[in-house]
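Reading through the structure tokens given below for one structure.
A note on names: the letters A, B, ... follow the listed sequences, proteins ahead of strands, and every chain is numbered from 1.
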Amino acid sequence: MSASKRLTKELADCTTNSPPGMHISLPDDSNLFKWHVILDGPAGTVYAGGRFGVVVQLHENYPFRSPTVTFATRIYHPNVTNDNLGNICLSVLKPENWKPAVKLVSVLEAVRNLLVEPQPDDPLEARIADEYKNDRKEFEKNARAYVAQYAKGAVNWEKAEAGAAAAAGGATTSTTTNTTSAR
Amino acid sequence: MDTDDDFMSNVSSEEEDMMPDDSDNDLSGDDDFDFDDEPDPDIDMQQDFGQKKKAAYDITFKVYQPQDIQKQQDDLIKEVNMILDINKEEAAILLRHFRWNKERLIEDYMEKPSQVLEAAGLSESSAEAPRLKSIPGFVCDICCEDEEGLQSFALKCGHRYCVDCYRQYLAQKIVEEGEAARIQCPSDDCNLIIDARSLDLLVTQDLTDRYHKLLNRTYVEDRDSLKWCPAPDCQNVVECGIKKKDLTRIVPTVACLCSMRFCFGCPNEDHQPAPCDLVKKWLKKCADDSETANWISANTKECPKCNSTIEKNGGCNHMTCRKCKHEFCWMCMGLWSEHGTSWYNCNRFEEKSGTEARDAQAKSRVSLERYLHYYNRYANHEQSARLDKEMYLKTEKKMVQLQKESGMSWIEVQYLNSASQALQTCRRTLMWTYAFAFYLARNNLTEIFEDNQKDLEMAVESLSEMFEKPVQELADSKLKVDIMDKTSYCNKRRVILLDDTAQNLAEGRWTFNVEFTNPTPISNTKGSSSRR
Ligand SMILES: [Zn+2]
Ligand SMILES: [Zn+2]
Ligand SMILES: [Zn+2]
Ligand SMILES: [Zn+2]
Ligand SMILES: [Zn+2]
Ligand SMILES: [Zn+2]
């Protein structure tokens with residue numbers, strides 16, 4: 001498989017020269033197509049002090065198809081869905097913008113940069129984006145509360161993946177998840 | 001054969017328009033295409049029909065086949081290639097970037113060539129023809145292969161990748177994403193566009209074919225004056241200069257070579273005489289009210305006399321109950337015999353007046369009844385047209401049978417084909433006359449309109465009835481003559497109705513009981529999924 005050589009190299013580059021504030025590992029050593037990344041909340045942001053689990057899932061046609069990147073840790077952010085799925089809106093990952101020469105490390109850097117500089121004009125959570133723009137104090141308070149509640153201690157990958165699997169598995173389950181989180 | 005027989009079926013496209021007339025096909029002057037410089041869509045199509053004068057509802061249009069579309073692009077590309085002294089691949093990319101507006105491209109390019117090239121995804125440095133290379137020590141940055149003699153390719157930007165990666169990348173874009181005109185260099189942050197010649201060098205024939213098909217699609221979709229024929233298997237394109245603002249005054253029906261008749265102004269099939277905006281309103285209303293109105297379009301009704309269930313299986317409205325032989329009209333359920341003499345209570349809705357209307361509840365009932373009256377007739381003709389079409393498929397079989405039984409030649413039985421065509425076209429027109437009438441405010445023009453509608457409806461029903469006779473009777477030469485006469489008469493009545501309605505529309509003489517919404521922009525984008 002053509003992707004293996006590339007992925008082996010990418011992973012080696014990341015482990016020998018780990019990008020700042022990120023810890024990369026494979027949940028299953030025999031599977032290069034799923035990465036676990038622990039992202040430290042960037043200093044000087046409301047996310048500082050938090051540890052955010054990020055799952056990178058690669059398509060079998062990677063790098064010709066863009067990777068899927070999701071937050072395993074709940075995060076209060078305009079560009080990340082406020083649920084157990086943790087979907088991210090990132091322009092580089094959209095099919096029409098994706099380029100096969102882009103490396104995962106720069107995708108991860110883009111994710112990290114989203115924590116430094118949220119993009120409220122291209123939101124996934126309109127209400128949070130609105131709050132970010134119009135009531136920054138309230139936004140910061142909520143974001144910090146989420147960090148304290150969800151992003152301290154070890155990342156719970158299983159729970160996050162169960163949520164993602166349920167969402168992929170059936171509409172009923174994911175609706176339940178959504179309703180629960182909305183209330 | 002009476003020339004009127006085929007008057008409506010060939011509209012103006014087949015003969016004149018499809019002649020490979022080079023002077024007419026010359027698209028070099030972009031003015032020919034510019035939406036706003038186009039002369040009014042008046043009628044110069046009918047000259048070759050000699051005695052036939054132009055009809056008010058006819059518009060000018062042309063049908064292009066795939067090779068014509070290719071040639072148009074090639075010609076424009078060649079011209080820009082010569083004027084600007086750039087190669088053809090670059091000319092093509094620039095033209096696409098400028099949505100095929102050649103004049104603007106040339107003007108802008110003369111003024112600021114490097115900005116234009118940059119914006120279109122081209123680089124300035126002129127270079128050798130694209131070719132594959134194997135460079136010692138090369139490592140592909142996408143797949144990380146480094147084997148000896150690895151074939152690689154780079155655009156002018158110099159971002160070099162192995163041929164395999166390029167192929168996979170292009171396949172992903174073309175097959176999976178349906179992209180062609182704006183495929184960029186695979187490198188991060190490089191917006192150089194891949195040209196057709198490089199592509200041809202890199203991929204297999206089937207991908208190249210797909211790629212060129214996609215390019216043709218963007219060519220058609222980029223130009224307001226071009227529209228795909230919506231028939232499922234048709235690759236043709238229709239050109240028409242109708243402007244958005246004209247759509248309140250004209251109903252721009254065009255006809256493809258495949259015989260598909262459709263509206264150039266909106267995404268629907270032919271809907272003359274009703275203007276696009278009314279059609280949109282009507283379809284929305286029908287969708288909203290479908291539950292109330294659904295029962296009407298049902299395929300079965302009960303005999304008004306003996307209550308046995310009768311299924312409608314032909315287009316004709318003259319129903320005869322199998323059980324009690326009661327004859328009645330499918331539309332109004334009234335006695336058929338009364339229709340024969342005192343035509344025609346069936347097409348007109350008498351407004352209820354006075355006391356009843358004052359009561360609010362009665363008022364809403366009246367308005368629902370009014371709607372149902374028109375919807376009933378609209379849906380009925382729609383359904384009949386469908387049944388007539390099924391009948392048409394049986395017609396072919398009938399004709400073969402008929403040839404055997406009567407000794408008539410294939411040519412001699414073509415009158416059944418003409419009759420079937422006439423039925424379908426006239427029903428379609430009738431159907432839309434009811435949507436049109438629903439929005440008409442009453443005045444003396446309305447009376448004339450309803451008379452025309454009534455005449456056409458009568459003729460269609462009687463032709464429909466003849467058409468459904470058993471083959472043995474059809475073989476009778478007297479009936480053949482009757483069918484031919486009636487076919488011709490139907491077509492004539494349709495032309496009269498359409499001509500009259502279109503003339504009044506063009507002159508703004510109709511009064512409608514609704515406001516026209518701002519003319520909807522002409523969308524000539526064919527759903528990308530359906531075209532792939
Ligand atoms: Zn490049
Ligand atoms: Zn490669
Ligand atoms: Zn067609
Ligand atoms: Zn229309
Ligand atoms: Zn009966
Ligand atoms: Zn009737």
Side-chain angles (χ1 to χ4, degrees), chain A residues 1-17 19 22 24 26 31-35 56-69 88-114 117 119 122, chain B residues 96 121 138-148 150-155 157-194 198-199 202-204 207 210-211 214 218 528-529 532:
Chain A
M1 194 174 291
S2 68
S4 301
K5 197 158 185 170
R6 152 103 179 232
L7 279 171
T8 310
K9 186 167 185 303
E10 283 202 69
L11 191 65
D13 288 350
C14 284
T15 20
T16 51
N17 189 12
M22 285 181 223
I24 296 162
L26 294 185
N31 179 10
L32 282 166
F33 289 82
K34 187 183 214 168
W35 293 20
V56 178
Q57 183 70 55
L58 301 159
H59 191 272
E60 60 174 356
N61 284 343
Y62 178 80
F64 301 101
R65 285 273 288 268
S66 61
T68 309
V69 184
I88 308 176
C89 172
L90 203 59
S91 86
V92 67
L93 296 178
K94 290 180 182 151
E96 65 270 27
N97 298 333
W98 174 253
K99 291 290 191 74
V102 175
K103 303 296 187 300
L104 281 177
V105 65
S106 55
V107 172
L108 291 170
E109 258 150 24
V111 172
R112 186 176 184 275
N113 202 45
L114 214 52
E117 240 180 301
Q119 306 290 321
D122 190 16
Chain B
R96 274 178 213 120
F138 168 75
V139 183
C140 174
D141 190 40
I142 293 177
C143 63
C144 304
E145 281 303 336
D146 55 359
E147 65 186 57
E148 202 66 33
L150 189 63
Q151 289 277 303
S152 64
F153 178 79
L155 293 171
C157 54
H159 298 122
R160 181 166 294 278
Y161 302 100
C162 81
V163 171
D164 234 37
C165 282
Y166 245 112
R167 278 186 192 139
Q168 284 194 65
Y169 173 64
L170 294 170
Q172 167 70 23
K173 288 288 163 194
I174 295 166
V175 181
E176 301 299 325
E177 293 170 31
E179 179 59 80
R182 295 206 60 85
I183 304 178
Q184 298 180 342
C185 162
S187 174
D188 191 10
D189 292 330
C190 179
N191 64 2
L192 223 60
I193 301 285
I194 291 169
S198 300
L199 187 116
L202 289 162
V203 301
T204 47
L207 266 186
R210 183 70 155 273
Y211 173 79
L214 286 167
T218 64
S528 47
S529 48
R532 272 184 206 173

Problem - side-chain contact (heavy atoms from CB on, under 4.5 Å) against A:Ser66, all qualifying residues, sequence neighbours excluded - result: A:Trp98
Fill in the blank from the handout: Interface check, chain A: of B:His159, B:Lys173, B:Arg182, most non-hydrogen pairs under 4.5 Å belong to B:Lys173
Fill in the blank from the handout: Shortest non-hydrogen pair, A:Cys89 vs A:Asp122, comes out as SG-OD2, 3.6 Å
Practice task
Using a strict cut-off of less than 4.0 Å between a Lys/Arg side-chain nitrogen and an Asp/Glu carboxylate oxygen, indicate whether A:Lys99 and B:Asp189 qualify as a salt bridge.
Solution key: no
Exercise for the section: Return the minimal non-hydrogen interatomic distance between B:Cys190 and B:Gln184, and the atom names on each side. Expected result: O-OE1, 3.6 Å
Exercise for the section: Let me know if B:Cys165 has heavy atoms under 4.5 Å from chain A in its side chain, its backbone, both or neither. Expected result: both
Fill in the blank from the handout: Honestly, the part of A:Glu10 sitting under 4.5 Å from a heavy atom of chain B is neither
